[in-house]
A.B. asks: 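After the structure tokens below, expect a handful of questions from me.
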Amino acid sequence: MAAADERLRRFLQPDHALHARRTWQARGAADTPGADALCEIYLAIADEQIVEAAFAAYGPPIVVACADWLCEQLGGRTIAVMRGLSEADLQAALALAAEERYAGMLVFDALQDALANLET
Amino acid sequence: MAAADERLRRFLQPDHALHARRTWQARGAADTPGADALCEIYLAIADEQIVEAAFAAYGPPIVVACADWLCEQLGGRTIAVMRGLSEADLQAALALAAEERYAGMLVFDALQDALANLET
Amino acid sequence: MAIYLDHAASTPVRPEVIEHMGAVMSEQGANPASAHQPGRHAGAVVAAAAAAVAALIGAAPEDIIWTSGATEAINLALKGVLEFHGGGHVVSVASEHRATLDTLSWLERRGVRVTRLGVDAAGRVDASAVAAAIEADTRCVSIMHVNNETGVVQDIAAIGAVCAEHCVALHVDAAQSLGKLDLDVARMHIDLLSLSAHKMGGPQGAGALWLRPRIGLAAQIHGGGQQGNRRSGTLAVAQVAGFGCACSLAQAEMAALPAQLRALRQRLWQELAVIDGVLCNSPVQDSELGAPHILNISVPGVHGAALLTGLLEGTPALAVSAGSACSAARAESSHVLRAMGRTPAVAAASLRFSLGRTTTKNDIELAAARTRTEVARLRALAPRQLAVPA
Amino acid sequence: MAIYLDHAASTPVRPEVIEHMGAVMSEQGANPASAHQPGRHAGAVVAAAAAAVAALIGAAPEDIIWTSGATEAINLALKGVLEFHGGGHVVSVASEHRATLDTLSWLERRGVRVTRLGVDAAGRVDASAVAAAIEADTRCVSIMHVNNETGVVQDIAAIGAVCAEHCVALHVDAAQSLGKLDLDVARMHIDLLSLSAHKMGGPQGAGALWLRPRIGLAAQIHGGGQQGNRRSGTLAVAQVAGFGCACSLAQAEMAALPAQLRALRQRLWQELAVIDGVLCNSPVQDSELGAPHILNISVPGVHGAALLTGLLEGTPALAVSAGSACSAARAESSHVLRAMGRTPAVAAASLRFSLGRTTTKNDIELAAARTRTEVARLRALAPRQLAVPA
Ligand SMILES: Cc1ncc(COP(=O)(O)O)c(C=O)c1O
Ligand SMILES: Cc1ncc(COP(=O)(O)O)c(C=O)c1O
């Protein structure tokens with residue numbers, strides 16, 4: 001029940017939606033094969049540390065909830081620590097059902113893409 | 001509706017059930033093929049006139065109603081007039097359905113039997 | 001007002017149930033299949049009702065399939081199992097309710113083979129006869145718990161053990177026993193159980209089929225896919241809630257109601273036993289063999305239709321029923337009594353008195369007195385050779 | 001409390017109906033099949049209800065067969081006609097309700113041939129297409145009056161004339177039109193008509209099949225032989241009475257209610273039409289083509305499941321439904337909208353608002369405002385390339 005409430009809250013009132021109040025150092029995107037869900041992750045970075053992360057997303061509510069959860073985890077972490085973050089954590093935190101796993105993969109794919117963009 | 005009421009009244013409270021308050025000059029009986037209904041007609045006769053008629057019956061309610069109706073018709077009639085009485089009158093008076101005609105035939109058969117017994 | 005002793009045909013809805021249904025209808029307007037909040041509230045009402053029904057039969061709520069009554073449940077059980085298996089063989093009993101017998105005839109016309117076991121003079125079927133009738137492709141044994149005409153109780157636990165041993169699904173028609181006799185699907189080895197609400201204080205038009213998990217069943221009403229695709233059609237939330245409410249009330253009274261009914265029925269039989277020649281078609285002597293609420297008698301020497309009409313239309317009017325209101329000559333007398341070996345004439349002159357929670361001692365005494373009077377009147381009307389009981 | 005705009009899924013039972021059903025349950029405890037006085041009283045209640053339902057469709061009361069809802073009625077109509085004829089061919093339409101489509105698929109697996117006609121962009125089927133599809137052994141044409149997702153109205157009178165000319169029975173699913181549009185079985189040449197009570201103020205779990213005399217129909221639920229052997233099972237007297245009561249009330253309001261609903265729906269559309277790119281899937285322009293109570297829209301560029309969840313769970317909560325809550329990617333979007341030629345993505349992003357007798361102008365305005373806000377929120381959340389409608 002707690003996970004269900006959290007999922008709903010993150011969908012209805014995400015704290016980490018993309019905004020224009022700062023410039024972002026990296027942007028990554030991913031989509032699902034059927035293109036029914038899209039996710040972008042934006043990172044603001046200073047001194048090897050993520051100052052803030054934000055997302056834009058199109059898809060079922062669980063996609064928004066996953067993106068919001070991920071951005072919350074990212075804020076304040078060093079890039080090294082962040083690399084240790086796993087999909088399993090997300091699955092556990094939001095109690096993803098088997099048919100919802102794609103949402104977790106999607107937001108992590110977007111994050112990987114952002115990191116790749118950062119490195120280049 | 002009137003006929004339905006009359007049928008029910010004659011079954012529940014027949015006026016002409018057999019009683020022992022007088023002697024009867026003739027008795028006739030009839031039954032249905034399956035023996036599921038039986039009727040006896042009793043006649044008390046004086047001066048070629050039927051003083052009173054009564055019945056005994058076993059069978060569905062309609063048999064009792066028909067017997068009661070017939071006995072009422074018979075009372076006070078001369079034997080000659082009585083012979084003019086027909087099953088059609090009974091069918092009309094009690095609104096017999098096709099599957100109830102047997103009851104009319106049954107009581108008239110019992111009457112014929114009584115008249116035959118009278119003549120011998 | 002007629003003296004109502006036809007509770008086995010339908011018993012009045014309990015006031016608590018009427019009130020609950022009214023509240024549900026006033027507060028819950030939604031379709032329980034809907035994802036929105038009002039829909040989920042309606043769904044919660046259904047879930048609570050499922051828990052109440054399931055508790056009364058020792059089952060899990062999720063295995064309840066709601067139907068429009070026991071007739072539909074029985075049709076679903078028998079057609080559903082046989083369609084799932086693509087045909088086969090069924091074992092049942094000659095004295096079952098029409099819902100079973102007519103469904104089996106329908107299946108027979110489609111190639112299903114049906115064995116209809118006979119019953120003994122008390123109306124019981126033997127578990128060993130069931131065992132002997134099971135064939136290699138027997139898909140289902142279908143037996144009623146309590147007979148609706150005589151109240152005779154079948155030994156479901158023994159039959160269930162036989163079915164379990166042979167790995168054949170057992171379907172039980174419990175329309176007349178729910179809330180009157182203990183029902184435990186695990187202990188009795190039942191696989192499918194048909195229930196009806198209106199025989200035990202719930203609303204007419206509500207019933208259920210309980211289905212043991214993993215029993216294969218093909219749906220019989222197709223459409224929106226409600227109830228896990230086992231029975232389509234919008235759920236009747238208030239009906240289901242009323243059924244659940246009646247089950248909760250019944251469960252609380254299981255300790256007292258059967259004994260109360262049994263005592264009244266015993267009293268009724270005492271008062272009717274004085275009728276010359278009267279026969280009892282219900283097992284009144286042995287309280288294990290007879291359901292508490294049904295007393296079936298035959299009155300030889302009195303025409304069945306006349307007796308019934310006399311009681312129904314006389315004063316005070318009784319509301320009772322006949323095994324069959326039809327005449328013996330037309331060979332339409334009760335198939336149940338004939339299966340028990342009664343002659344057509346005796347079967348035709350039968351009366352069923354059935355008692356309910358609201359039945360009083362006064363009802364019983366008035367009904368017995370009225371019956372005695374009517375029998376005496378009809379016997380007096382009959383020709384001499386019939387005046388003594390046949 | 002959610003703003004309830006899902007009356008096409010189920011509309012609240014009218015207070016008069018609840019009261020009437022409570023009175024019937026309190027006063028009538030008997031089985032209407034019983035010969036005794038309480039049974040006859042129950043039978044009279046049923047007869048009065050049949051008269052009320054029949055009056056609303058221009059039919060005779062004795063031709064009403066009571067069922068547990070439109071789903072059962074549709075199953076009975078289609079299976080009953082095809083079983084009676086021992087197979088054959090059926091003509092129907094791709095955008096029918098699941099109760100029709102799934103029953104036809106079941107029949108197809110048993111050798112019945114089915115033609116499913118397409119519809120135009122508005123969702124209408126052409127009477128000439130029906131005529132062209134009729135074959136020598138066509139037993140039945142089955143078409144819904146009002147589509148439950150879009151509200152589009154089929155020209156039943158024209159289709160009925162075609163069927164009459166070809167001597168083929170016409171079955172109409174009127175679950176969504178009863179009490180909202182004129183229904184006249186004679187004028188429209190209807191032979192079988194499926195009805196549901198809970199879409200028009202009656203109880204859930206009550207419905208009827210009206211059957212033109214002399215149309216051959218095989219029963220689908222077997223048993224006690226109630227309803228002239230056409231549908232067995234104890235009649236649910238209170239349910240039937242509630243349905244009858246709802247029909248009487250509806251008949252008195254037929255002059256006013258449709259116009260009232262139509263005006264509210266028009267208002268709702270005006271308030272939603274300002275959404276960038278919004279598409280209307282209901283024929284709002286032509287009042288002949290659309291039922292008064294249904295408005296279906298698609299909002300491109302917004303994910304359907306997100307929009308629905310946002311509306312259902314946000315504040316104030318709306319109770320609306322989607323043509324389908326499933327995602328376009330899984331190709332499970334509304335079969336109705338896809339039959340009308342909408343892309344899967346557009347079909348997946350659809351919302352159905354359905355209005356009822358109790359809907360107020362305030363409901364409409366709040367719902368429209370809430371929808372606009374939610375669409376704006378979700379569009380703002382979406383990646384740039386999607387921020388403009390697709
Ligand atoms: C033993 C038995 N089975 C089945 C039924 C049918 O139940 P329902 O009236 O709920 O269809 C009844 C009652 O009519 C019954 O007594
Ligand atoms: C057009 C249509 N047909 C049939 C049905 C099924 O009706 P019921 O819920 O009474 O089974 C519905 C509603 O679900 C409907 O909208």
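Numbers restart at 1 for each chain; the letters A, B, ... are given by sequence-line order, proteins then strands.
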A.B. asks: Check each atom of V64(A) against the heavy atoms of chain D and say whether the ones under 4.5 Å are side chain, backbone, both or neither.
C.D. replies: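 Interface part for V64(A): side chain.
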A.B. asks: What distance separates R384(D) CZ from R27(A) CZ, expressed to the nearest 0.5 Å?
C.D. replies: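 Rounded to the nearest 0.5 Å, the CZ-CZ separation comes to 10.0 Å.
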A.B. asks: Is L12(A) close to chain D through its backbone or its side chain, or both, or neither, when contacts mean heavy atoms under 4.5 Å?
C.D. replies: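 Both parts, backbone and side chain.
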A.B. asks: Is there a side-chain contact between L381(D) and F55(A) (heavy atoms, below 4.5 Å)?
C.D. replies: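 The answer is yes, as the side chains (C-beta and beyond) meet within the 4.5 Å cut-off.
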A.B. asks: Among L307(D), V302(D), T315(D), which has the most heavy-atom pairs under 4.5 Å with chain A?
C.D. replies: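 Ranked by contacts with chain A, first place is V302(D).
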A.B. asks: Rounded at 0.5 Å granularity, tell me how far CZ in R377(D) sits from CD in Q13(A).
C.D. replies: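 Here the rounded value is 8.0 Å.
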A.B. asks: Over all heavy atoms of both residues, which pair between A306(D) and G59(A) is shortest? Give the atoms and the distance, please.
C.D. replies: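 So the two residues come closest at CB-O, 3.3 Å.
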